[in-house]
Amino acid sequence: MRRWWTKKWTGLGGCKTGPTCGVAVDGEKGRQVDLTPPAVEAIAESFGEWVVGELERKRRRRCGGGLGRAGCAVFDMGLATTPACFMSTILPPFEYDASIMMTASHLPYTRNGLKFFTRKGGLTSPQVEEICDKAARKYANRLAKVSTVLRIKPTRVDFMSAYAKHLRDIIKQIVNHPLHYDFPLQGFQDVLDKLGADTFGSLHLNPDGMFPNHIPNPEDKTAMALTRAAMLENRADLGIVFDTDVDWSGVVDKQGNPINGDKLIALMSAIVLKEHPNTTIVTDARTSMALTRFIAERGGRHCLYRVGYRNVIDKGVQLNRDGVEAHLMMETSGHGALKENHFLDDGAYMVVKIIIEMVRMKLEGSDEGIGSLIKDLEEPLESVELRMNIVSEPRFAKAKGVEAIEEFRNYIEQGRLEGWELDSCGDCWVSEGCLVDSNDSPAAIDAHMYRAKVSTAEHGEHGWIHLRQSIHNPNIAVNLQSTIPGGCQSMTRALRDKFLVASGLDKILDISQIDKYASNGKLYEQMVALDFFDETNGKIHEYVRSGTS
């Protein structure tokens with residue numbers, strides 16, 4: 001029972017805010033509802049006890065009576081965002097000791113989860129596991145027969161109005177508009193009507209946890225297509241797409257071009273490098289070679305690091321602690337954080353930065369829109385993601401995955417894959433699999449991964465391949481990018497023939513997706529696109545996604 005809780009409730013354990021998750025409503029084939037009210041109460045009580053324990057360790061006995069049985073005073077903030085829940089611990093006059101939220105985030109409507117915050121930010125995976133272990137014992141001992149009624153009713157507070165004002169004040173202060181200070185967005189069409197913007201044409205503003213319109217994911221093709229259509233129809237200046245809890249965002253420029261993935265990182269890099277020349281930008285190791293050039297051309301340094309935005313953000317924190325200035329940390333998913341904003345993964349604050357730059361450009365006489373900042377960013381010709389399931393009993397899957405990833409490294413170091421070389425960059429070494437930091441206190445490894453750059457005599461360096469052990473599922477993700485036609489397919493064939501089959505790993509890995517792509521190429525990518533479309537309509541699967549069209 002204890003192990004089940006840890007795995008189920010820390011299924012998103014790589015997240016910055018340290019969530020626990022489960023199935024909250026019926027509708028998912030093969031899965032029963034497990035995040036029940038008694039389960040949530042057990043988790044919340046365990047978190048409350050953890051918070052009280054932390055305060056007692058600091059000799060700060062400020063908690064009175066209330067989060068369930070834990071002895072905390074409870075305040076109900078109502079509908080709130082992930083960044084707001086963190087800010088409630090530091091923004092006067094609230095300054096709570098901790099906060100907890102329930103959210104589906106970008107997951108399907110059947111899922112839900114809890115996120116925990118203190119003034120230090122989100123909890124670490126070990127801290128979440130500690131809380132879940134304690135909650136599992138409580139749940140088992142009570143046989144799920146627990147009243148969800150609090151002894152003392154929570155005090156209702158309107159924190160979101162204060163937080164929204166906080167963001168609006170940032171825009172007003174930084175823009176410092178010479179004609180209308182309080183309405184710096186006057187004349188613009190976007191979502192911030194209280195700053196004078198025209199919000200006509202906005203879509204799906206009424207919260208609905210069943211997600212009837214599309215998956216709440218800024219990378220979702222349906223979400224971006226609907227936003228683009230609304231942008232063009234209403235001749236808007238900026239479109240913004242959030243996930244449910246607003247720690248993740250994407251935007252659409254005035255021409256209707258979606259800006260997410262590498263484009264969003266490039267846009268934020270361009271903005272941040274204007275304010276902090278020569279700063280280091282930290283990303284995961286799946287970004288394009290063109291993005292590295294884009295950052296370097298603007299005087300910045302690009303630090304590649306482990307996949308997982310918690311890893312990326314923590315790397316930025318560590319670099320700053322060690323004297324390396326890093327103001328922006330972003331993963332290719334669009335999750336990101338800024339040093340100036342408490343290193344918090346905050347989609348709303350990212351958008352605030354973009355809005356401020358949009359107004360600055362207008363005041364300087366430019367009418368091109370924010371998309372012009374990344375007009376010289378080259379895109380990879382091909383970008384593909386494949387998966388290899390690990391054929392093993394669940395308890396052995398992680399070890400077998402590590403074995404396969406390490407064998408990949410060995411093959412490259414021994415020169416058995418001609419033209420393949422383990423990639424590296426400055427302060428963080430992808431040649432070490434993003435596993436060993438250059439600092440004296442390396443971060444703990446949550447998943448093994450390596451990236452190799454690929455060259456041929458005919459084309460020179462034309463792409464890369466990244467193998468990564470999944471944190472959440474018994475599989476290995478294979479990401480490939482290429483600047484030449486057919487490059488991803490040729491790399492996939494080499495991976496299959498010269499590594500997976502040659503090493504015998506095809507006996508412990510299901511390489512059917514590798515086989516299909518190596519054989520069918522573009523046809524397979526079209527099949528993938530159809531699968532993605534099914535997912536946007538609520539189908540839950542862990543298959544392949546392709547970035548090519």
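Everything numeric in this text was worked out from a predicted model, so none of it was measured. This chain uses plain numbering: 1 for the first residue, then up along the sequence.
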Exercise. Verify side-chain contact (heavy atoms from CB on, under 4.5 Å) between Met329 and Ile281, making sure each step is shown before the conclusion.
Key: CA-CA 6 Å; Met329 309 98 228; Ile281 311 295; over 6 Å; no
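- The pair Lys315-Glu331 does not count as a salt bridge, with every side-chain nitrogen at least 4.0 angstrom from each carboxylate oxygen.
- Of the inter-residue distances, the one linking Thr332 atom OG1 with Leu264 atom CG reads 11.0 Å to the nearest 0.5 angstrom.
- Under the 4.5 Å side-chain criterion, counting only non-hydrogen atoms from C-beta, Ile259 is not in contact with Met268.
- Sorted by first and then second residue, the pairs that involve residues 310-332 and meet ring pair (Phe, Tyr, Trp, His ring centres under 6.0 Å), not counting sequence neighbours, are His276-His327.
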Practice problem: Just do the ring pair (Phe, Tyr, Trp, His ring centres under 6.0 Å) check on Phe86 and Phe117 with the steps written out, would you? | Solution: CA-CA 6 Å; Phe86 167 72; Phe117 308 85; 7.0 Å; no
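- With hydrogens and angles left out, the side-chain atoms of Gln318 and Asp314 include no donor and acceptor closer than 3.5 Å.
- Between Glu49 and Lys138 a salt bridge is recorded (basic side-chain N to carboxylate O distance below 4.0 Å).
- Between Leu304 atom CG and Asp284 atom CG the span is 8.5 Å, to the nearest 0.5 Å.
- The side-chain heavy atoms of Lys115 and Met102, taken from C-beta on, include no pair separated by under 4.5 Å.
- One finds the CG atom of Leu328 at 8.0 Å from the OG1 atom of Thr279 (value rounded to the nearest 0.5 Å).
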Quiz item: Checking side-chain contact (heavy atoms from CB on, under 4.5 Å) for the pair Leu373/Glu357: CA distance, chi angles, key distance, verdict?
Solution: CA-CA 10 Å; Leu373 295 177; Glu357 184 62 27; 3.8 Å; yes
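- A salt bridge does not link Asp345 to Arg310: none of the charged nitrogens lies less than 4.0 Å from a carboxylate oxygen.
- Here CD1 of Ile313 is found 15.0 Å from NZ of Lys339. Values are rounded to the nearest 0.5 Å.
- Inter-residue side-chain proximity for Ser88 and Met77 is flagged as met; some heavy-atom pair is nearer than 4.5 Å.
- Interatomic distance, CD of Glu233 versus CZ of Arg228, reported as 12.5 Å (0.5 Å rounding).
- Checking Thr89 against Arg119 by side-chain atom types alone, no donor-acceptor pair falls below 3.5 Å.
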Quiz item: Between Tyr139 and Glu41, is a side-chain hydrogen bond (donor to acceptor under 3.5 Å, both in side chains) present by the stated rule, with each step listed?
Solution: CA-CA 9 Å; Tyr139 185 87; Glu41 178 172 325; over 6 Å; no
Quiz item: Passes side-chain hydrogen bond (donor to acceptor under 3.5 Å, both in side chains), Asp262 versus Thr287? Steps please.
Solution: CA-CA 6 Å; Asp262 276 10; Thr287 55; 5.2 Å; no
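- The CZ atom of Arg360 sits 14.5 Å away from atom CD1 of Ile370, with the distance rounded to the nearest 0.5 Å.
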